[in-house]
Amino acid sequence: MKLNLYVLTPKRIIWDCEVKEIILSTNSGQIGVLPNHAPINTAVDMGPLRIRLLNDQWLTAVLWSGFARVVNNEIIILGNDAELGSDIDPEEAQEALKIAEANLSKAEGTKELVEAKLALRRARIRIEAVNWIPPSN
């Protein structure tokens, strides 16, 4: 069996294909979705989206929050923004992490602190997506 996965943002269609399973970051933790999953509507948290293709290859994308609906072997994810793991430059991601850590250490005031923590979280998620090692079959 397979799932139809659609990942959409306001700017573009990120994904539109059949897959075996996904692992999705939600506001209450990660969930795995396999064929015949119970219907669910959930908020999507910032985090990685793991996609297992029909050939058993795993791909990673990063979602920057949104909403997901699973029903009748169809997954529709409406995201605020997203990046494919293959589009993330590991060196640039590591540099962004260093900058975010430095900015957090020198943040003054509530607004700067919140913005610095958010930038750090985004940088860590991008690093996680680049460094993820898929499970062996």
Side-chain angles (χ1 to χ4, degrees):
M1 283 212 118
K2 51 195 164 197
L3 299 160
N4 294 311
L5 174 64
Y6 305 96
V7 181
L8 313 164
T9 70
K11 296 178 186 175
R12 64 185 175 137
I13 298 170
I14 301 293
W15 211 261
D16 177 0
C17 72
E18 294 178 336
V19 301
K20 279 191 176 180
E21 72 178 286
I22 69 163
I23 301 171
L24 177 67
S25 296
T26 72
N27 290 348
S28 58
Q30 291 188 336
I31 62 167
V33 179
L34 295 166
N36 298 319
H37 193 284
I40 184 173
N41 294 316
T42 185
V44 174
D45 198 4
M46 290 192 317
L49 168 65
R50 315 286 188 211
I51 304 165
R52 184 175 174 200
L53 302 176
L54 296 179
N55 66 4
D56 287 326
Q57 178 185 3
W58 284 89
L59 299 178
T60 301
V62 176
L63 296 174
W64 302 119
S65 71
F67 182 80
R69 179 177 186 211
V70 178
V71 65
N72 295 328
N73 291 325
E74 182 175 82
I75 306 164
I76 299 173
I77 300 172
L78 304 175
N80 293 330
D81 201 2
E83 287 180 89
L84 295 174
S86 59
D87 292 343
I88 299 172
D89 178 348
E91 291 177 9
E92 184 273 328
Q94 193 64 45
E95 184 62 27
L97 178 62
K98 288 178 185 174
I99 291 169
E101 289 170 339
N103 287 343
L104 180 61
S105 68
K106 63 184 178 184
E108 295 179 8
T110 304
K111 182 180 179 201
E112 277 188 24
L113 188 60
V114 168
E115 288 172 350
K117 285 182 178 180
L118 180 60
L120 181 61
R121 184 172 177 208
R122 283 178 169 259
R124 285 181 175 158
I125 290 168
R126 292 180 83 232
I127 292 289
E128 179 185 350
V130 169
N131 293 331
W132 186 67
I133 299 172
S136 57
N137 294 330

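Side chains are part of it too, since the values below use all heavy atoms of this structure and drop only hydrogens, waters and symmetry mates.
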Rounded at 0.5 Å granularity, tell me how far CG in L104 sits from CG in L113.
6.0 Å
Is any side-chain heavy atom of V44 less than 4.5 Å from a side-chain heavy atom of L24?
yes
Is the backbone N or O of L53 less than 3.5 Å from a side-chain atom of Q57, with the two atoms forming a donor-acceptor pair by type?
no
Atom of A129, atom of V62 and distance for their closest heavy-atom approach:
CB-CG2, 3.4 Å
Measuring from L118:CG to L120:CG, what's the distance to the nearest 0.5 Å?
9.5 Å
For N80 versus W64, what's the shortest heavy-atom pair and its separation?
CB-O, 3.5 Å
Is V130 reachable from L97 through a run of hydrophobic residues whose side-chain heavy atoms are each under 4.5 Å from the next?
no
Interatomic spacing from CD in Q30 to CG in D45 - rounded to 0.5 Å:
10.0 Å
Run the numbers on R69 and Y6 for side chain to side chain contact (heavy atoms under 4.5 Å, CB included), then give the verdict.
CA-CA 10 Å; R69 179 177 186 211; Y6 305 96; over 6 Å; no
So, taking the atom named CZ in R121 and the one named CD in E128, what distance separates them when rounded to the nearest 0.5 Å?
10.5 Å
Evaluate the side-chain proximity of T9 to L78: yes if any heavy-atom separation is below 4.5 Å, no if none is.
no
W15 side chain reached by I75 side chain, heavy atoms, under 4.5 Å:
no
Tell me whether I77 is reachable from V19 by hopping between hydrophobic residues (I, L, V, M, F, W, Y) whose side-chain heavy atoms are closer than 4.5 Å.
yes
Hydrophobic clustering (ILVMFWY, side-chain heavy atoms < 4.5 Å, transitive) - are I76 and I51 grouped together?
no
In plain terms, say whether R122 and E115 are close enough for a salt bridge, that is, a side-chain N and a carboxylate O under 4.0 Å apart.
no
Report whether L59 and I31 are members of the same hydrophobic cluster (ILVMFWY, side-chain heavy atoms less than 4.5 Å apart, transitive linking).
yes
Apply side chain to side chain contact (heavy atoms under 4.5 Å, CB included) to the pair L49 and I22, showing each step before the final yes or no.
CA-CA 7 Å; L49 168 65; I22 69 163; 4.0 Å; yes
Measuring only between side-chain heavy atoms, which start at C-beta, is T42 closer than 4.5 Å to V70?
no
Would you check if the side chain of N73 reaches a backbone N or O of N36 as a donor-acceptor pair within less than 3.5 Å?
yes
Which heavy-atom pair separates L3 from K20 by the least distance, and what is that distance?
CD1-O, 3.6 Å
Are any side-chain N or O atoms of S25 and backbone N or O atoms of P48, one a donor and one an acceptor, separated by less than 3.5 Å?
yes
Between E112 and E108 the two heavy atoms that sit nearest each other are OE1-N, 2.9 Å
Taking all heavy atoms of A93 and all of I88, pick out the closest pair and write down the distance.
CB-CG2, 3.9 Å
To the nearest 0.5 Å, what is the distance between CE on M46 and CG on D81?
12.0 Å
Contact summary for A82 and I14, nearest pair of heavy atoms
CB-CG1, 3.9 Å
L8-L5 co-clustered via ILVMFWY side chain contacts under 4.5 Å:
no
Inter-residue atom distance T60.OG1 - E83.CD, 0.5 Å rounding:
12.0 Å
Do other residues, nucleotides or ligands put more than 12 heavy atoms under 6.0 Å from the CG atom of N72?
no
